[in-house]
Amino acid sequence: MIKLLGKMKAKEWLMALGAALLVLGQIFFDLKLPEYMSNLTILIQTPGSTVNEILLTGGKMLACTAASAAMAIICGYLSARVGSGFSFTIRELLFNKVSDFSKKEMLDFSVPSLINRTTNDVSQVQMSVSMGLQMIVKAPIMAVWAIIKIVTKSWTLSLITAGFVIFLLGIMSVMITVVIPRFKIVQKQIDKINLIARENLTGINVVHAFRAEDYQNKKFDVAATNLMKTQLFNQRTFALLMPLVGLAMNCLGLVIYWVGAGIINNIPVADFAGRLTMFSDVVVFSTYATYVIMSIMMLVMIVMFLPAAQVSAQRICEVLFTESDLHEGRENEAEEEGTVEFKNVSFRYPDSSENTLENISFKVNKGETIAFIGATGSGKTTLISLAARFYDATEGEIFVDGINVRDFSFDALYDRIGFVTQKAVLFAGDIKKNVLFGESRGEKTDKNAYEALETAQAKEFVEKLAGGINSPISQGGTNVSGGQKQRISIARALARKPEILIFDDSFSALDYKTDKALRSELDKKLSGVTKMIVAQRIGTIRNADQIVVLDEGKAVGIGTHSELMESCEVYREIAMSQLSEDELK
């Protein structure tokens, strides 16, 4: 929690300091009231006291109450400002940090967990800051201040009060020890529920198609039941605290008055002044003792939300202080243009004991097309992900424009690359915003967007839409077909004006006619752009300058279509499974 508070801005620290000072003012005025109450008791019981003296003392009590209330209101306002400002800062830091994560960190944390940390965990911390700023300062100071004042009144009553306090603190310690470990379990269980809910909503069509509603419901029920049981245990444990504190407060008051009455009875009747003073002290003592128990009640409330906030803070810090595996270089310029070279590249996923890719070497020059083909799981997507530096190679080197990709700044590297993912991803907004998405060399103009859409064979269907290029796109692109979504994704990469275009099986949702027209436009309009294509169709890649055939992570063949038909058995099998002999010739 302390590491997280270090992210608080200077303005928020100043407001927090102001709130703390106001809390001290509240305590001062609250603890002045018993003194005036003592004076009032003595004035009422003392013969010869005037009404004006009583009214003056009562007026001072009202002034203390009003001052304390005003400070409480201002303190509440400042605490809310600090909490909301702090949560905004943390969410912003989390969002920016997650945006910089590589695929490895995304897999380590999982998407549902990161969403939960950005929403629920930050809310827990915000509540602890807003409430704790008042209670964490007020409870211990009020308790200590009140104890100092009551110790001088009566050692007997002080020991009784100390006994009640020790009893309550002991119960709190036991409950904290039992409950805190379960708060960590709760957060993990919430992550699990988010995972199941997100999985169910994402694949709702599959769930309906396979009539798996009952199966999904049972899976969700198991996770929800586990969370409910853990939460019930925590809440039932905490539910005992408040009644115990309330019972202790009432019992303490009774014991103080009972013991105080005995002390007063032991004072001779003739000593009227002594009896009056002791009576006043007992009244004041009971008030101060109530303040001590009230401080314990505030500590109870802190105990109820602080452990959960502490767990949430730890989870947030895990994200904020995680170092990405990918470190940015400093190179921005290169002498070459549009070249990609792999030198003896091997790659192993962090949680794997075997290489996914092994000893891959090739070079593609400006304007050339290199294609990758192979069975499912052969490492095609992993290979081009290395070229885009979504991961770093385990062994070997990867060069773009003659510079090692590790040495490029991220801006310089991604300005050179237009990447079309295997699964077309669109963002909520409109077609224009999706095509001109992100920062790039391409101009943010309608002309550039239309040119990219035309090349991607998407202009025709876009112009038929009522809003044209400004037609809305729903979250995930659910209001357009798979082929339309893929063409808009391709247009987005083209609009960047890149040196290198990477297509990760990006033509799979296109019909053969559109596929052929798109490749023809790419060859005609982007002859100077290097193209790296992952594909399953021989027809899509047969005219590539080089074709790399992958089998279980190894390059078993590199060459043109005709060369591989003669020299590579794996390629020949793939080709003959898709095309007839006449078509291949």
Side-chain angles (χ1 to χ4, degrees), residues 97-111 113-114 318-319 321-331 334 336 339-365 370-414 416-423 499-505 530-535 546-558 568 570:
K97 184 71 176 183
V98 172
S99 296
D100 292 334
F101 273 174
S102 67
K103 285 189 175 182
K104 177 184 179 299
E105 285 80 43
M106 295 298 291
L107 291 172
D108 287 344
F109 285 105
S110 83
V111 172
S113 179
L114 288 171
E318 285 175 5
V319 176
F321 296 99
T322 293
E323 289 294 329
S324 176
D325 275 1
L326 301 182
H327 299 286
E328 189 173 13
R330 297 184 178 180
E331 294 291 339
E336 297 181 15
T339 63
V340 180
E341 183 177 8
F342 276 51
K343 285 187 177 180
N344 304 315
V345 171
S346 296
F347 176 75
R348 179 188 303 116
Y349 284 101
D351 55 351
S352 176
S353 58
E354 298 181 358
N355 285 341
T356 304
L357 295 173
E358 193 166 333
N359 198 29
I360 304 293
S361 296
F362 63 82
K363 183 175 182 179
V364 56
N365 296 312
I370 186 168
F372 305 91
I373 195 168
T376 301
S378 58
K380 305 183 295 297
T381 296
T382 302
L383 188 147
I384 59 170
S385 295
L386 293 176
R389 211 191 169 198
F390 295 156
Y391 299 100
D392 275 335
T394 307
E395 298 174 19
E397 295 178 297
I398 301 169
F399 296 90
V400 170
D401 290 353
I403 304 291
N404 193 313
V405 290
R406 296 172 186 261
D407 297 329
F408 270 119
S409 67
F410 290 144
D411 285 343
L413 177 62
Y414 294 121
R416 289 169 161 78
I417 295 174
F419 196 98
V420 186
T421 56
Q422 188 172 20
K423 180 183 178 182
E499 297 176 8
I500 302 160
L501 271 171
I502 300 177
F503 298 96
D504 183 9
D505 199 10
T530 303
K531 304 167 195 71
M532 301 177 72
I533 302 173
V534 170
Q546 292 183 72
I547 300 172
V548 178
V549 184
L550 294 174
D551 185 35
E552 295 184 355
K554 297 177 182 178
V556 295
I558 298 179
C568 183
V570 175

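In this text the structure is predicted, and so the values were computed from the model without any measurement. Note that these values count all heavy atoms, side chains included, but never hydrogens, waters or copies made by symmetry.
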Rounded to the nearest 0.5 Å, how far does [atom2] of [Y] lie from [atom1] of [X]?
{"X": "Ile558", "Y": "Ile547", "atom1": "CD1", "atom2": "CD1", "result": "11.5 Å"}
{"X": "Thr421", "Y": "Ile502", "atom1": "OG1", "atom2": "CD1", "result": "11.5 Å"}
{"X": "Leu383", "Y": "Met532", "atom1": "CG", "atom2": "CE", "result": "6.5 Å"}

Worksheet item: Taking only residues at least two apart or on different chains, which pairs with a member in residues 373-386 satisfy salt bridge (charged side-chain N to carboxylate O under 4.0 Å, His left out)?
Response: none

Worksheet item: Judged by atom type as modelled, is there a donor-acceptor pair below 3.5 Å linking the side chain of Gln546 to the main-chain atoms of Lys363?
Response: yes

Could you check if a side-chain atom of [X] sits within less than 4.5 angstrom of a side-chain atom of [Y], using non-hydrogen atoms only?
{"X": "Val319", "Y": "Phe101", "value": "yes"}
{"X": "Asp505", "Y": "Val534", "value": "yes"}
{"X": "Phe109", "Y": "Thr322", "value": "yes"}
{"X": "Met106", "Y": "Val111", "value": "yes"}
{"X": "Asp504", "Y": "Lys423", "value": "no"}

Side chain to side chain donor-acceptor pair (under 3.5 Å) involving [X] - partner list, sequence neighbours excluded:
{"X": "Ser385", "result": "none"}
{"X": "Ser346", "result": "none"}
{"X": "Thr382", "result": "Tyr349"}
{"X": "Glu328", "result": "none"}

Which atom pair, heavy atoms only, marks the closest approach of [X] to [Y]?
{"X": "Glu331", "Y": "Ala412", "result": "O-CB, 3.6 Å"}
{"X": "Gly396", "Y": "Ala393", "result": "O-CB, 4.4 Å"}
{"X": "Phe419", "Y": "Ile384", "result": "CE1-O, 4.0 Å"}

Sequence neighbours left out, what passes side chain to side chain contact (heavy atoms under 4.5 Å, CB included) with [X]? Give chain and number order.
{"X": "Lys343", "answer": "Glu341, Phe399"}
{"X": "Arg389", "answer": "Leu326, Asp392, Val405, Arg406, Phe410, Leu413, Tyr414"}
{"X": "Ala334", "answer": "Asp401, Ile403, Phe408, Arg416"}
{"X": "Ala535", "answer": "Ile533, Thr540, Ile541"}

Item to complete: Just jot down the salt bridge (charged side-chain N to carboxylate O under 4.0 Å, His left out) partners of Glu318, sequence neighbours excluded, or say none.
Response: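 Glu318: salt bridge (charged side-chain N to carboxylate O under 4.0 Å, His left out) contacts with Arg117.
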
For a quick test of your reading: what N or O donor-acceptor pairs under 3.5 Å do the side chains of residues 355-362 make, sequence neighbours left out?
| from | atom 1 | to | atom 2 | distance (Å) |
| --- | --- | --- | --- | --- |
| Asn355 | OD1 | Arg348 | NE | 3.4 |
| Asn355 | OD1 | Arg348 | NH2 | 3.2 |
| Ser361 | OG | Asn344 | N | 2.7 |
| Ser361 | OG | Asn344 | OD1 | 3.2 |

Validation: residues 550-557 side-chain donor-acceptor distances under 3.5 Å, sequence neighbours left out:
none

